[in-house]
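Throughout, protein chains are lettered first and strands after them, A, B, ... in sequence-line order, and every chain is numbered starting at 1.
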Number of protein chains: 2
Amino acid sequence: MSRREQQRETTLNEIKSLARQQMAAQGAASISLRAIAKEMGLTPAAIYRYFRNYDALITTLIAESYHAQADALQAADRTQPPHDPVARLWAVMLAYRQWALDHPADFQLLYGNPIPNYDAPDELTLPAAQRNFSVFVQILSDADRTGQLQPIPAYQPEHLPPIIAAHLTAMGARDYPQIPISLLYLATMGWAKMHGLILLELFHHTQPVIGDTAAFYALEVEVMMRQMGLHR
Amino acid sequence: MSRREQQRETTLNEIKSLARQQMAAQGAASISLRAIAKEMGLTPAAIYRYFRNYDALITTLIAESYHAQADALQAADRTQPPHDPVARLWAVMLAYRQWALDHPADFQLLYGNPIPNYDAPDELTLPAAQRNFSVFVQILSDADRTGQLQPIPAYQPEHLPPIIAAHLTAMGARDYPQIPISLLYLATMGWAKMHGLILLELFHHTQPVIGDTAAFYALEVEVMMRQMGLHR
DNA sequence: TTACAGTGTAAATGGTGTTTACTTTTTTGT
DNA sequence: ACAAAAAAGTAAACACCATTTACACTGTAA
C-alpha cells in the first residue's frame, strides 16, 4: 500500500471516528460534515474527496454498525456450550439488549426513525440485518434438532394464519431451506418482541412505567422462551 | 372574542396545519419554520409572534397528537358493549395500530426517535401518555371484576420479580388505587409489546421478514390475550 | 522530467433557526 | 374622536448547514 493510500485510509477513519463521536454525543441526526471538517482542520469541501455526500457517510456508518452488532451477537452465542440452545438463546437475547444500551446512537441509527431525507439502500441493509437474524434461527434450529423446541399450540404450523404461513414458506425456500416455518415464525416473533421492548427503553417511553427495565426484559424473555418450550 | 383574537387563532391554526402537512410529507424532523412562513406569504420572523421558537411548535404538535390518539382509543372502546372486556380490549388494540398507520408521522413524533436537540417536557408528555395507558387499565380492571382476568402463573403477583412488584406497587398507590399490581403489569406488558411491534412496522423493519403485518399483529394480540385468560 | 491523478482551498448558492430594530395596523382608554 | 399602547409584520443580519465550482498544490508513475 503506497504512502498516499495509507494516508487516505487514516483520514477516512478519522472522519468516521469523528462522525461516531458526534453521533454518540448528540444523536445520529446531528452529524455535521462542516463540524467534522473544522475539527480536522480541513475545509468542508475536502470531506467530499472521501464521501460523495452526507448520505454516503451515513450509509457507511450504518453498514459498519450492522456488522458490529452481528459480531456481538455471535460472540455472545459462542460464550455458551454449543449443545445448550437454552443458554445460548438466553445469552444472545441479553447481548442484543446490552449492545443497544452500550451503543444507543448506533442502535437508533439502524432501527430508529429514518434520518430526514435519507433512505437506506435495501441491498445493503437487508443482508446485514439477515446476518443478525440468522443467529436466532441457528440457535432455534439446534434446539429443534434435539427435540427441545416445543412451542405452544398457537405457534405450531397448523395454527398459523395461512397468509403468514405462505410468506414464511417463501422466505424459507429462499433463505433457509430445511428450516420448518414454525421455527421461522418463532425467530421472527421473538426478535420483534424483544426488539420492540428495547426500542421503547431507548426512547425513554418505558422507564416511567416500569421500574427496572432489565428485570422487565428478563421476565419477558423467560416467558417467551417458555412459550417455545425452552425451559431452563 | 375580538376580531384580532379570532384572526390570531386562524393564523395559529394555519401554522400548525402546514407543519402537520410537512410532517406527513417528509417526517417530523424536516418541519421548517421558514418553509411554513414562505407558504403563508410571511417573513420567517413573523412566526415568532406565534411560537417562541421551533421547540415550542413541536411541543404543541406533540400535545395535540397525544390527545388525538387517546381520543381514538376511547372511541374504539365505546364501539363495544361495556360488559364485554374481551371485545373492548381487542378493539382498542386494533385501534392503536390503526391510528399509527393512519398517522405515521404523528406516531413517530410521539414515540420515535427524539428530534435532534429537542427534549419533550415531561410535565406535558407524561400525563398525556398516562391518559392513553389508562384506557387499557380500565378495560383490564373491568375484566378483573367479572373474574375473566386469569393470567398465566408467570404474570401472577407472587411470581413477579420483587423489583418490578415494588415499583408497580408505588405506581399503583400514586395513580391507580385499588388496582392489583399484576393487572398493572399486564397492562404495561401488553402495551409495550404491541407498541414495539407497531414501531417496527412503521420503521419498515418488519415488512421484509413478515408478510402480512396485520395478521402478525392480530396473532400476537390473540396469544397475549390468551396469556391473560381473556378468550374469545 | 513531464504528465496526471489525488488532495486540498476559496468562494459562492441556497437552505436552516433566531434576534434585533423598525414600521404598520389594530385595539383600547380617555 | 384622538392619542397611546399593544400587536403583527418586515428587513436585515448572524451563525449554522450541505453542496458545487474553479483553481492550486503535491505525490506518483510513465
A:Glu64: partners by salt bridge (charged side-chain N to carboxylate O under 4.0 Å, His left out), with sequence neighbours left out: A:Lys16, A:Arg20

Distance under 4.0 Å to a non-hydrogen atom of chain B counts as contact; along DNA chain C, which nucleotides mark the start and end? C:dT16 to C:dT27

A:Leu197 CG to A:Lys193 NZ distance, which is reported to the nearest 0.5 Å: 10.0 Å

A:Ile62 backbone acceptor or donor facing A:Ser65 side chain under 3.5 Å: no

Do any side-chain atoms of residues 39-47 of chain A form donor-acceptor pairs under 3.5 angstrom with protein atoms, and if so which ones, sequence neighbours left out?
none

If the sugar-phosphate is the primed atoms plus P, OP1 and OP2 and the base is the rest, what is the B/S/- string for nucleotides 6-17 of chain D, using protein heavy atoms under 4.0 Å? -BBBBB-----B

For a quick test of your reading: what N or O donor-acceptor pairs under 3.5 Å do the side chains of residues 89-105 of chain A make, sequence neighbours left out?
{"unit_1": "A:Tyr96", "atom_1": "OH", "unit_2": "A:Trp191", "atom_2": "NE1", "d": "3.0"}
{"unit_1": "A:Tyr96", "atom_1": "OH", "unit_2": "A:His195", "atom_2": "ND1", "d": "2.7"}
{"unit_1": "A:Arg97", "atom_1": "NE", "unit_2": "A:Glu201", "atom_2": "OE1", "d": "3.0"}
{"unit_1": "A:Arg97", "atom_1": "NH2", "unit_2": "A:Glu201", "atom_2": "OE2", "d": "2.9"}
{"unit_1": "A:Arg97", "atom_1": "NH2", "unit_2": "A:Thr213", "atom_2": "OG1", "d": "3.4"}
{"unit_1": "A:Gln98", "atom_1": "NE2", "unit_2": "A:Asp102", "atom_2": "OD1", "d": "3.2"}
{"unit_1": "A:Trp99", "atom_1": "NE1", "unit_2": "A:His103", "atom_2": "ND1", "d": "3.4"}
{"unit_1": "A:His103", "atom_1": "ND1", "unit_2": "A:Trp99", "atom_2": "O", "d": "3.2"}

Side chain of B:His167, backbone of B:Ile163: donor and acceptor closer than 3.5 Å? no

For B:Asp71, what residues pass the salt bridge (charged side-chain N to carboxylate O under 4.0 Å, His left out) criterion, not counting sequence neighbours? B:Arg131

